[in-house]
Number of protein chains: 4
Amino acid sequence: MISAETRGVFAIAPTPFLPSGALDMASLGRMTERYRDCGVDGLTILGIMGEAQKLEPEESLAVVREVIAHAQGLPVVVGISAPGFAAMKRLSAAAMEMGAAGVMMTPPAAMRSDDQIAGWFSGAVAQIGGDVPFVLQDHPTATGVVMSNAVIRRVVDENPSCVMLKHEDWPGLEKISAIRRWQAEGEMRALSILCGNGALFLDMEMARGADGAMTGYAFPEMLRRVVDLSVSDRDAAQDIYDAHLPLLRYEHQPGVGLAVRKHILARRGFIAHGDLRAPGAGPSEATRAEIDYLLARLAARDPGCGL
Amino acid sequence: MISAETRGVFAIAPTPFLPSGALDMASLGRMTERYRDCGVDGLTILGIMGEAQKLEPEESLAVVREVIAHAQGLPVVVGISAPGFAAMKRLSAAAMEMGAAGVMMTPPAAMRSDDQIAGWFSGAVAQIGGDVPFVLQDHPTATGVVMSNAVIRRVVDENPSCVMLKHEDWPGLEKISAIRRWQAEGEMRALSILCGNGALFLDMEMARGADGAMTGYAFPEMLRRVVDLSVSDRDAAQDIYDAHLPLLRYEHQPGVGLAVRKHILARRGFIAHGDLRAPGAGPSEATRAEIDYLLARLAARDPGCGL
Amino acid sequence: MISAETRGVFAIAPTPFLPSGALDMASLGRMTERYRDCGVDGLTILGIMGEAQKLEPEESLAVVREVIAHAQGLPVVVGISAPGFAAMKRLSAAAMEMGAAGVMMTPPAAMRSDDQIAGWFSGAVAQIGGDVPFVLQDHPTATGVVMSNAVIRRVVDENPSCVMLKHEDWPGLEKISAIRRWQAEGEMRALSILCGNGALFLDMEMARGADGAMTGYAFPEMLRRVVDLSVSDRDAAQDIYDAHLPLLRYEHQPGVGLAVRKHILARRGFIAHGDLRAPGAGPSEATRAEIDYLLARLAARDPGCGL
Amino acid sequence: MISAETRGVFAIAPTPFLPSGALDMASLGRMTERYRDCGVDGLTILGIMGEAQKLEPEESLAVVREVIAHAQGLPVVVGISAPGFAAMKRLSAAAMEMGAAGVMMTPPAAMRSDDQIAGWFSGAVAQIGGDVPFVLQDHPTATGVVMSNAVIRRVVDENPSCVMLKHEDWPGLEKISAIRRWQAEGEMRALSILCGNGALFLDMEMARGADGAMTGYAFPEMLRRVVDLSVSDRDAAQDIYDAHLPLLRYEHQPGVGLAVRKHILARRGFIAHGDLRAPGAGPSEATRAEIDYLLARLAARDPGCGL
């Protein structure tokens, strides 16, 4: 089970598809093993990167079952966000039953005011149960939902089962500082903060007090090293981070970014095919050439990157 | 099957739920019969008003099956919009197999430019098949997708299976006029235009050349009479319409409106309970009193309203 | 000066332009007199309906000067919303110096969380001065800024100079009820609530406890009568209101609505020309015919309407 | 005058303010000279980065006058976007009269469909005159206006005075490729493409066929070298680019980024104070320390950076 003390690197895993658009069951196991080999502390599935919105409920369950089966005890967090609470309740219950370590959720786009956001989380927890540890995903660029520091504290206060913040506000560095300050002053209870947003600010986020990374960058090995080194040797961590930044930034393109990421993961053998489920295009010729160029430079600059 | 010649009144039907949140199967049949008794020309299910987003796939199929079973030949249009094409394809195929008269779809919120919108429809049609007649739903206030007159013409041009426009742009009167002008000039093929938007402009829309209504106002009898009279006796149609406008406008409140509508439909015996599936609140005490007040006035002003 | 005790009808006045796009100074005086003749309790200028965004600063000042000069003591509220505080401060100071009764403001579209909204108002008040009574405009359909009941209470608490709410949330009836409940329970201080949104819910808003109307419907005489009658004779008020609803609803079209309204005001002799400043189109032929039709019906149904 | 053949680096300049919020006239001259010393090919003022929305008209004119006076013949492009055409016309005429090399404009947020966007540009050109060369700014993350490749071609086709695209769509690499392909095939006339978006993809944009950069990164010297080298020695260009990417990415934070940029420019002596005009906060303590850290690393990695 994830908890407020969880630290380290959780890789956000994609959902592999066959070129036909069908779920690629065979890749799920291999992918899970490859992530494990990278030394990650956990996996997160069925997030935005997992194209969860495009899955049928039984497909979601199949993904959860297969990944947990190959995770060999590694904690697996399951994204459950949906327009209706009934679907969230069903997926949460099934996932926890199968051995998930917790669930992740974020409110729908229409939520604006603090009361709406806090009310949505309370309503969701009432449905999935207060015993299911959950990750509050704060991702305004994807959802349009803006959560102030105050409303995050309120959700944490009102829901003891909220154990982790998936931090991907942008810019969000001051948010980490504010939460850590409140905690230091005893005004807010413990909360794990893992950072997303494609790791675009992971270097600074660790320095601000984050507990690690929860993101889908195609080289989890880099996340591992940067998170580990960030406290002991900031410059060394930054050197590794900087070597990856050109590619990482390239992955961080809305829309296209996921195709880039799956293309690299396919090339690295995590998954058999880089295809997105329709609607969703693959990388163009020019994009593939740019990826090649960036990978070649990365290999030269960070020989230990895993290529 | 719906076609470019379809005219009249299609009622948008809600999805009935039990207070527990479960699908109210028993109400589906009764509701369908009541709509039939109102003299509608067809039914549309699983739209926004049908809380389609909150349904599991098997629930959607159950709704389609049950409504068609009680429709006694009345054409039934099924909303299939979803984030992924796979889900749309599956629901479309199943619905047509069960005897649906066509499907309705609208692109997701991210679609902005003409190319994005037209590309989305072409992609969707490639999946569901060009033999399934479909309704293009143009509903910017709900989806944020703005369709120009030009892009509607383009979708119609590019997809012979597009037979109907569910017109609910707001303001959209000039759009109807533009389409009718293009058709009169031979620049656009025939297309049925049924109007939604809670009927808030039905009087004017009919005068501009619409073929009828496709909306969920709780008194389909009014839609029937206004659509029928609008050509032969505009003033008489307007008198009836005006009598309903205070209530109709009250139903047209974003969010709250659906609760108001289901409350009235429950009161009228169409469905057993007015409950929305969570998250979604019912009408407050004050709202119920306001509905009572408006219904009492409506009964006095339009004795033939069906109350 | 407006205060928390202000009640009645404030007409939102348009800004008259010549067909050339120049400010129509001559119409400003006449328009002000016509509003006065309608028996309004005050005027509000330079709001969204006043196309304030399209005015140069010196033009705004000229409008304020001219309207106040003809208002003969009628209180005039001046909209001052702008992207920068400097412009707001300058316009507020100039308007109050000229004899304005207060200012009106609403935060820019980017404001989302409660802290952002409350922070923006505090910052604005620090600039314009705590001695200038201001109207909090709550108009999410125009601005995209969603204000919860709680954040309105907070702005009122934090800013003693906030004396009035221009209520145009939609749906917003429960908001009025919540504020009145808090006030009855002593949890919130007195606050005038005048309703906007084109009067689309004025009947219900008065019943919920609003103090009046602040909107631009082209027949302020109706607002006057409905506000006055709503307490003493709800049915009579509703009868008048219902007679105007078909036209009022027609005016309530985003974008086109303002052209409709100015067209009617020009026809009624309030202003010389109905033109909008570019970019902004006038009513089409068909729209003009629809207005004629609705006005003819209105004259028949409400002979005392002012036509 | 800018033209379709314009190439190189145009620095987007900020507007300097005193801590009091007043325009810092003294800094304008110095800033212009410093940019000139960096070897830029031109300057762009009164863009989003110039806080143009917060300026009074006479302040805008003062900025234009002062910058042109110190530009010593360097072309100066002036941002003129405004809600009303009248203000755009006035600023454009005044700027061109003072010797500006062209204007830049982008439609307001409400523009969605291709027809709306193209219509807005045609309307604007009708006002400012077809003899004023203009830059089409395509910046969806700031404005919400999404321009397809097709609509850009249409605006270029319909307006001969459109000579340049300020490319800052994100992701937008395929857009550059599409335009260059159309031009190679003779389907689109010549057009200068300068890239913005804080240079976050400048390396790839140059490889796709862009003509240079038009952005506000605090080290225009880097832009100069990368643009110059990108054709002759891609790897050398990329090495320089990569050295700046950690800082460049740090500047690319919505909202906070401008404060970071002005802070660095103040430190570099371009402007006297880094202050933003209210509302707008400066960098926190922690942010300043992060900037120091990134600048120290940059100086070590790119000794010729200009520090």
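Order of the sequence lines fixes the chain letters, A, B, ..., with proteins taken first and strands second; residue numbering starts at 1 for each chain.
- For the pair C:L202 and C:G212, the tightest heavy-atom approach, listed with the atom from each and the gap, is CD1-O, 4.2 Å.
- When heavy atoms are compared at a cutoff of 4.5 Å, C:L173 approaches chain B solely by way of its side chain, counted from C-beta outward.
- One finds no salt bridge joining C:R288 and C:D292 here, because no Lys/Arg side-chain nitrogen approaches an Asp/Glu carboxylate oxygen to under 4.0 Å.
- With a 4.5 Å cut-off on non-hydrogen atoms, B:R208 touches chain C through its side chain but not through its backbone.
- Salt bridge absent: B:R225 and B:D239 never bring a charged side-chain N and a carboxylate O closer than 4.0 Å.
- Looking only at side-chain heavy atoms (C-beta outward), C:L307 and C:F219 come within less than 4.5 Å of each other.
- Minimum heavy-atom separation, C:A243 to C:L298: O-CD1, 3.5 Å.
- Only the side chain of B:L294 comes within contact range of chain C, with heavy atoms under 4.5 Å apart.
- When heavy atoms are compared at a cutoff of 4.5 Å, C:R297 approaches chain B solely by way of its side chain, counted from C-beta outward.
- In this structure, no portion of B:T141 lies under 4.5 Å from any heavy atom of chain C.
- Here C:D211 pairs with C:R180 in a salt bridge; the nearest charged N to carboxylate O distance falls below 4.0 Å.
- Pairing each heavy atom of C:N197 with each of C:W170, the nearest pair is ND2-CB, 3.4 Å.
- With a 4.5 angstrom heavy-atom cutoff, B:D203 touches chain C only via side-chain atoms.
- In this structure, chain C has a heavy atom under 4.5 Å from the side chain of B:Y293, while its backbone stays farther away.
- For B:D169, no part lies near chain C; criterion is any non-hydrogen pair under 4.5 Å.
- In this structure, chain C has heavy atoms under 4.5 Å from both the backbone and the side chain of B:Q238.
- With respect to chain B, the highest number of heavy-atom pairs below 4.5 Å among C:Q253, C:E290, C:R249 belongs to C:R249.
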Quiz item: Taking it one step at a time, do B:N149 and B:W182 satisfy side-chain contact (heavy atoms from CB on, under 4.5 Å)?
Solution: CA-CA 10 Å; B:N149 304 343; B:W182 278 332; 3.5 Å; yes
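- With a threshold of 4.5 angstrom between heavy atoms, B:Y241 approaches chain C through side-chain atoms but not through N, CA, C or O.
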